[in-house]
Amino acid sequence: MRLPKAASAFRDSLLQWATENVREYPWREQERSRYEVFVAEFFLTQTPADNVADVYPEFVDRYPSLEAIEEADEEDLVSVIDPLGFQRMRARALKSIARSVDDLPDTTGQLRELERVGPYVANATLCFADRSKLPILDRNVERVYSRVFGDRFPDSRSDREDFCTEMLPEDPADVRRYNLGLLDFGAIVCTKESPRFDDCFASEYCVYATSG
DNA sequence: CTCCTGTTGT
DNA sequence: ACAACAGGAG
């Protein structure tokens, strides 16, 4: 796939932006295990980060491994998650996962065989926990790339995944920071309504900013 | 691809 | 009560 002309400029600027602006969350600490990252991403697919942050430390403290999940009473699991608009479905799925596997696998394909685990959770887990070079494509990312690159951002899901993969920085040491930055850029600057054009490094060439 | 599910905002 | 949202499932 041929990337748009502005792609490398965007990539470089985003990496720079990420070093200064990526947010700190408990699950983003360097030493988090694959399990700890997985749990966070599993909750984050359905819940605002600040809500997850409220219950996450207690959750991983009480359930530090899949084994602990497997042994836990499902109602206790729910009680930790439940406090603020949380869901029982997630507790059930985690139990099911803990029963079906001893340790979380290290490939997206194997992760996606687990209940309620799709491309987002699988790739985010392996990228953020294991530093794998994998694309992360959620609604924020789609909005950012659609705006910045306009028609050059493909329509189909698989082409979009390819696009995201090619946007990743060459240096493996930068991939995690790039993906984190992309998510936060969508959440902080390139927001759904009232994007902060004045704070955006891409407004010179962004299709959305320049055309409307 | 379309449909489903649980959640959130009006 | 309703539609929109955001992932995953089929």
Side-chain angles (χ1 to χ4, degrees), chain A residues 1 23 25 27-28 34-56 59 66 69 74-101 104-130 132 134-149 151 153-165 167-168 176 178-196 208:
Chain A
M1 169 174 303
R23 290 157 143 172
Y25 286 110
W27 51 89
R28 290 182 174 182
R34 187 183 304 154
Y35 162 80
E36 288 170 326
V37 172
F38 172 84
V39 166
E41 296 303 334
F42 198 69
F43 290 153
L44 285 166
T45 62
Q46 210 167 308
T47 310
D50 290 344
N51 292 17
V52 176
D54 286 340
V55 304
Y56 182 80
F59 188 90
L66 275 187
I69 299 264
E74 194 168 296
E75 285 309 306
D76 291 339
L77 224 48
V78 169
S79 72
V80 182
I81 296 172
D82 207 50
L84 281 161
F86 261 80
Q87 57 274 92
R88 303 175 111 70
M89 220 187 85
R90 297 275 130 181
R92 291 185 167 280
L94 280 177
K95 272 295 246 183
S96 157
I97 290 168
R99 276 191 293 267
S100 69
V101 72
L104 292 172
D106 62 356
T107 68
T108 51
Q110 288 174 301
L111 278 171
R112 286 182 58 174
E113 291 173 9
L114 303 174
E115 187 174 326
R116 304 295 311 173
V117 176
Y120 174 82
V121 170
N123 285 13
T125 298
L126 294 180
C127 177
F128 298 148
D130 297 75
S132 303
L134 292 168
I136 292 183
L137 179 53
D138 73 348
R139 251 94 166 165
N140 285 322
V141 173
E142 293 197 309
R143 182 178 61 254
V144 170
Y145 283 157
S146 295
R147 283 178 176 172
V148 174
F149 299 117
D151 290 344
F153 185 58
D155 291 324
S156 79
R157 168 76 199 193
S158 66
D159 286 347
R160 287 182 170 194
E161 282 179 8
D162 292 345
F163 186 99
C164 288
T165 301
M167 283 299 293
L168 296 176
R176 174 187 142 105
Y178 181 87
N179 277 330
L180 287 176
L182 195 54
L183 295 175
D184 283 3
F185 181 73
I188 296 168
V189 178
C190 195
T191 51
K192 192 166 189 292
E193 321 92 16
S194 316
R196 294 163 172 69
Y208 184 76

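Computed from heavy atoms alone, side chains included, the values below leave out hydrogens, waters and symmetry copies. Protein chains get the first letters and strands the later ones, always in sequence-line order, with residue 1 at the start of each.
One interatomic measurement links the two molecules: CG of Asp138(A) to P of dG7(C), which rounds to 5 Å at whole-angstrom precision. In this structure, Tyr120(A) places its OH atom 19 Å from P of dC5(C), rounding to the nearest Å. Nucleotide dG6(B) holds its C1' atom 15 Å from the CZ atom of Phe43(A), rounded to whole Å. Whole-Å rounding puts the Leu111(A) CG to dG7(C) C1' distance at 16 Å. As rounded to whole Å, 14 Å separates atom P of dA6(C) from atom CZ of Arg157(A). In this structure, the CG atom of Leu114(A) is 13 Å from the C1' atom of dG8(C), given to the nearest Å. The distance between atom CZ of Phe42(A) and atom C1' of dA9(C), rounded to the nearest whole Å, is 13 Å. The separation between Phe38(A) atom CZ and dG8(C) atom C1' is 13 Å, rounded to whole Å.
In this structure, Val39(A) and Tyr56(A) approach most closely via the heavy-atom pair CG1-CE1, 4.3 Å. The two residues Leu180(A) and Arg28(A) have their closest heavy-atom pair at CD2-NE, 3.5 Å.
Residue-to-nucleotide proximity on DNA chain C shows that, of Thr45(A) and Arg116(A), the 5′-proximal contact is made by Thr45(A).
Residue-level contact check: Glu115(A) touches the backbone only, with heavy atoms under 4.0 Å from sugar-phosphate atoms and none from bases.
Judged by the 6.0 Å and 45° rule, Arg90(A) forms no cation-pi pair with Phe43(A).
For Asn140(A) (side chain) and Ala187(A) (main-chain N/O), no donor-acceptor pair under 3.5 Å exists by modelled atom type.
Counting only heavy atoms from C-beta on, Gln46(A) has its side chain closest to dG6(B) among dG8(C), dG6(B), dC5(C). Here the nucleotide nearest the side chain of Met89(A), chosen from dG6(B), dC5(C), dG7(C), is dG6(B).
Contact check, Lys192(A) against dA4(C): no side-chain N or O comes under 4.0 Å of OP1 or OP2.
Other residues, nucleotides and ligands contribute only 12 or fewer heavy atoms inside 6.0 Å of the CZ atom of Arg92(A).
For dG7(C), the base has a donor-acceptor partner in the side chain of Arg139(A) [N/O atoms by modelled type, under 3.5 angstrom].
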